[in-house]
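See below for the structure under consideration.
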Number of protein chains: 2
Amino acid sequence: MTKKVFQRNTKQREVILSVLREADCHPTADWIYQEVRKTMPNVSLGTIYRNLKALTEAGLALELSYGSTYSRFDGNPETHYHFVCEDCGKVVDLEIDVAKELEEKVAKGIGAKVHDHRLEFYGVCSECLQKESKVN
Amino acid sequence: MTKKVFQRNTKQREVILSVLREADCHPTADWIYQEVRKTMPNVSLGTIYRNLKALTEAGLALELSYGSTYSRFDGNPETHYHFVCEDCGKVVDLEIDVAKELEEKVAKGIGAKVHDHRLEFYGVCSECLQKESKVN
DNA sequence: AAGCAATTAATAACTATTTACATTTTAGAT
DNA sequence: ATCTAAAATGTAAATAGTTATTAATTGCTT
């Protein structure tokens with residue numbers, strides 16, 4: 001609702017954000033935890049979760065939820081679209097033009113204030129398609 | 001991956017599906033549980049979850065995940081779009097044309113097989129906007 | 001009607017996430 | 001530099017949604 005503002009800068013948050021930004025996947029909280037531990041061995045998982053939540057609320061990261069398992073996080077807060085492979089679970093960024101104008105259309109349609117949208121495609125990625133064809 | 005097939009028809013699943021279809025909201029598992037209990041007092045929550053999962057896998061329902069809390073379910077498996085209110089959490093169906101052709105574009109772009117997509121808008125609904133303006 | 005396997009109710013277990021609390025750290029004032 | 005108050009961390013335990021287990025039940029086929 002109201003945007004999160006950080007009152008202090010911490011080494012932990014700095015590392016978490018850089019790990020998130022440099023990740024070429026869309027990592028889970030636990031993956032980030034393992035990564036951060038490499039340089040900060042006694043960081044706690046609670047700190048990871050606290051900061052991922054705070055970073056999301058601050059608009060510096062996105063939380064992606066697919067199904068009822070864990071969340072994935074995205075260090076690119078700009079609106080962009082994803083493809084999700086239903087076989088291996090991989091999440092890929094797509095290079096499609098973002099249709100910001102749709103938000104205004106929806107806003108007018110239902111009298112709401114719209115400030116973001118997400119578009120996600122589901123299917124089977126090229127790697128998994130290959131594997132399948134080899135098996136059969 | 002492979003589509004779920006039901007081997008038996010059960011009263012429980014029948015009631016769950018009809019509750020889901022007649023719901024004017026996008027209910028949580030627990031909401032459905034409470035509803036089903038009105039006519040089947042000793043249905044178990046496990047049965048609700050098991051059937052919601054099975055119905056989703058069978059293509060008769062959708063699982064909607066927002067953030068790291070509970071899932072919501074949708075008894076309309078046809079591709080359609082949603083608006084999510086970030087204040088009250090309400091999920092509303094939108095009457096926007098579905099852009100199925102985008103799926104082919106993505107499929108070509110990354111060499112994947114794409115069989116569905118989801119488009120969700122985030123913001124503040126008209127009711128919450130009104131409440132806010134009264135408070136301030 | 002009988003038999004078998006799928007499904008259920010009940011309950012325990014699991015796992016991702018959150019939180020309480022004592023301690024440490026940060027940033028600004030002195 | 002030092003001090004101070006608030007913020008953030010680490011540790012550990014709690015929470016909550018979901019899934020697994022097991023014995024009992026119930027659809028469905030013959």
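So you know, we letter chains A, B, ... as the sequences are listed, proteins then strands, and number each from 1. Computed over heavy atoms, backbone and side chain alike; hydrogens, waters and symmetry mates excluded.
- Two end axes, each from the C1' atoms of five base pairs, can be drawn for the helix from C:dA1-D:dT30 to C:dT30-D:dA1; they diverge by 40°, to 10 degrees.
- Under a hydrophobic clustering in which Ile, Leu, Val, Met, Phe, Trp and Tyr are joined whenever their side-chain heavy atoms come within less than 4.5 Å, directly or via other members, A:Leu62 and A:Tyr81 fall into different clusters.
- Cluster annotation: B:Trp31 and B:Tyr66 are assigned to distinct hydrophobic clusters (Ile/Leu/Val/Met/Phe/Trp/Tyr, side-chain heavy-atom contacts under 4.5 Å, transitive).
- A sub-4.0 Å separation between OP1 or OP2 of C:dT17 and a side-chain N or O of A:Ser71 is present.
- C:dC14 atom C1' lies 15 Å from atom OH of A:Tyr70, rounded to whole Å.
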Completion exercise
Reading nucleotides 25-30 of chain D from 5' to 3' and marking B where a protein heavy atom lies under 4.0 Å of the base, S where only the sugar-phosphate is that close, and - otherwise, the string is --BS--

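- Side-chain contact check for A:Lys90 versus A:Glu127: some heavy-atom pair is nearer than 4.5 Å.
- Between B:His115 and B:His117, a ring centre-to-centre spacing not shorter than 6.0 Å is recorded.
- Residues A:Phe73 and A:Thr28 fail the side-chain proximity criterion, which asks for heavy atoms closer than 4.5 Å.
- For DNA chain C, the residues of residues 48-59 of chain B within the heavy-atom distance limit of 4.0 Å (strictly under) are B:Arg50, B:Asn51, sorted by number.
- Within the nucleic acid shown, B:Asp30 has no heavy atom closer than 4.0 Å to any nucleic acid atom.
- Within the 4.5 Å cutoff, no side-chain heavy atoms of A:Lys3 are placed close to those of A:Glu57.
- In this structure, A:Leu60 is a member of the same hydrophobic cluster as A:Val36, with clusters built from ILVMFWY side-chain heavy atoms closer than 4.5 Å.
- A close approach under 4.0 Å does occur between a side-chain nitrogen or oxygen of B:Thr47 and OP1 or OP2 of C:dA9.
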